[in-house]
Amino acid sequence: ITLRLRRAAVTVGKVFHLHNRADDSCSRWGHGGDLRDGGVGHAIPGRAGAMISTDSLITEIKEVLDGTPPSRGEAMLHDMTELFLKNAERYSKEQLTVFDDVFHTIIEHVDRDALSELSRRLAACPTPPPALLRKLAAHPDLKISGVLLKEAVGLGDDEIAVIAAAASHIHLLAIASRDSIGELVTDALINRSDAEVMRKFVPNQRARVSHIGFVKLINAAKRDGSLTEIVASRTDLPDELKPFIGMLRQAGAPGAAAAG
């Protein structure tokens, strides 16, 4: 088994080692061969003219890892992560798709700690394997998804918004902790009607809020007075909405109830 694992690791390394030599159609890959098409199921010329298909590569990895201890998968995952991050910014869309397929195969054979470490390492990568990043960011285990929801630079606002639409309370809090948040994401967070989540991101001036988002925040403040001053503190609160938040502030002022 150890020999087969080493052979699979060597094969993966040969296929994915990028020499960064461009031709008219795509980048060239490998030791003694080029990757002419990174799509799954396409053949990749290998050493001595041997044809290596990505399907057969994935099958080989599965066969090697099936029934082995998680430590074997973790070793391959570590090597693959190192290999990917070394040239992450240079890969084409097609090449990223191949990495996606290989990573997805390997992570089925590792434990929670290995997935958590993978998330941590991918968080700062601007061009990660996209399907892999979405899978990890949507993971129900916060130890795996939390760092990506808070920090991943490779997640788009549309992807985060989709996750937020169905995420748990603790996952929403992680998203609300992001340093910079776009309107698509804050709209999704507001739509979850979670006051604690709103209190988390609304004070952050780098969290952009849409006009309809502000309307919904004011409506939420009617139900939860703790939001009133936070919403009022926003420097980008539209002028036409300021009278409404002003009325809420007046209604919540000391002595207002007695005066009424």
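A quick note: this is a predicted structure, and the numbers were derived from the prediction, not measured. Because only heavy atoms are used, hydrogens play no part in the values below, and waters and symmetry mates are left out as well, while side chains stay in.
Taking both residues in full, the closest heavy atoms of D157 and G182 are given as OD2-CA, 3.3 Å, listed atom of the first, atom of the second, then distance. The two residues L148 and A137 make their nearest non-hydrogen contact at CD1-N, 3.7 Å. For the pair P130 and L96, the tightest heavy-atom approach, listed with the atom from each and the gap, is CD-CB, 4.3 Å. Taking every heavy atom of both residues into account, S226 and R199 meet most closely at OG-NH1, 3.0 Å. The nearest pair of heavy atoms linking C125 to A88 is SG-CB, 3.8 Å. Between A221 and L248, the shortest heavy-atom distance links the atoms CB-CD1, 3.8 Å.
Each of V153 and L133 belongs to its own hydrophobic cluster when Ile, Leu, Val, Met, Phe, Trp and Tyr are linked at side-chain heavy-atom distances under 4.5 angstrom. Both F201 and V215 are part of a single hydrophobic cluster, where members link through side-chain heavy atoms under 4.5 Å apart. One hydrophobic cluster, built from ILVMFWY side chains closer than 4.5 Å, cannot hold both L184 and L217; they sit in different ones. Each of V162 and I160 belongs to its own hydrophobic cluster when Ile, Leu, Val, Met, Phe, Trp and Tyr are linked at side-chain heavy-atom distances under 4.5 angstrom. Side-chain heavy atoms closer than 4.5 Å link hydrophobic residues (I, L, V, M, F, W, Y) into clusters, and following such links, possibly through other members, connects V110 to L85.
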For L149 and L172, run side-chain contact (heavy atoms from CB on, under 4.5 Å): C-alpha distance rounded to whole Å, both residues' side-chain angles, the deciding distance at 0.1 Å, then the answer.
CA-CA 9 Å; L149 296 178; L172 292 176; over 6 Å; no
Step by step, work out the side-chain contact (heavy atoms from CB on, under 4.5 Å) result for L118 and L132.
CA-CA 10 Å; L118 177 61; L132 173 68; 4.3 Å; yes
Walk me through it: do E240 and H211 pass the test side-chain contact (heavy atoms from CB on, under 4.5 Å)?
CA-CA 10 Å; E240 63 271 24; H211 190 281; 2.9 Å; yes
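Of the possible polar contacts, none joining the D79 side chain to the E82 backbone as a donor-acceptor pair under 3.5 Å is found. Side-chain atoms of R178 come within 3.5 Å of backbone N or O of A152 as a donor-acceptor pair. Counting only distance, with no hydrogens or angles, the side chain of D224 and the backbone of A220 share no donor-acceptor pair below 3.5 Å. A donor-acceptor pair is defined here as one N or O able to donate and one able to accept, closer than 3.5 Å; no such pair exists between the side chain of N87 and the backbone of R90. Panel note: side chain D100, backbone A131; a donor-acceptor pair is recorded below 3.5 Å. Without hydrogens or angle criteria, S119 side chain to L115 main chain gives a donor-acceptor distance under 3.5 Å. Looking only at distances, no side-chain donor or acceptor of H171 sits under 3.5 Å from a matching main-chain atom of A164. R192 contributes no side-chain N or O that, together with a main-chain N or O of H169, makes up a donor-acceptor pair within less than 3.5 Å.
Atom CE of M198 sits about 11.0 Å away from atom OG1 of T186, to the nearest 0.5 Å. Atoms OG1 and CG, from T105 and L65 in turn, are 9.0 Å apart once rounded to the nearest 0.5 Å. Note that NZ of K222 and CZ of F244 are 7.5 Å apart. Values are rounded to the nearest 0.5 Å. The CG atom of D66 sits 11.5 Å away from the CD1 atom of I61 when rounded to the nearest 0.5 Å. Taking CG of D179 as the reference point, atom CD1 of I181 lies at 8.5 Å (rounded to 0.5 Å). With rounding to the nearest 0.5 Å, the separation of OG in S177 from CD in E151 is 10.0 Å.
In this structure, V197 and I190 have side chains that are not in contact, with every pair of non-hydrogen atoms separated by 4.5 Å or more. Under the 4.5 Å side-chain criterion, counting only non-hydrogen atoms from C-beta, H109 is not in contact with R72.
Using the six-membered ring where Trp is involved, F103 and F84 have ring planes that are perpendicular, over 60° apart on the 30 and 60° scheme.
Side-chain atoms of T81 and H78 include no donor-acceptor pair closer than 3.5 Å.
A salt bridge links K143 with D113: the distance from a Lys NZ or Arg NE/NH1/NH2 to an Asp or Glu carboxylate oxygen falls below 4.0 Å. A salt bridge is defined here as a Lys NZ or Arg NE, NH1 or NH2 lying under 4.0 Å from an Asp or Glu carboxylate O, and E229 with R249 meets this definition. Salt bridge annotation for R120-E117: present, with a cationic side-chain nitrogen under 4.0 angstrom from a carboxylate oxygen. We find that D236 and R208 are joined by a salt bridge, their nearest charged nitrogen and carboxylate oxygen being less than 4.0 Å apart.
A side-chain contact (heavy atoms from CB on, under 4.5 Å) with V209 is found for exactly one of E183, R234, K216, namely R234.
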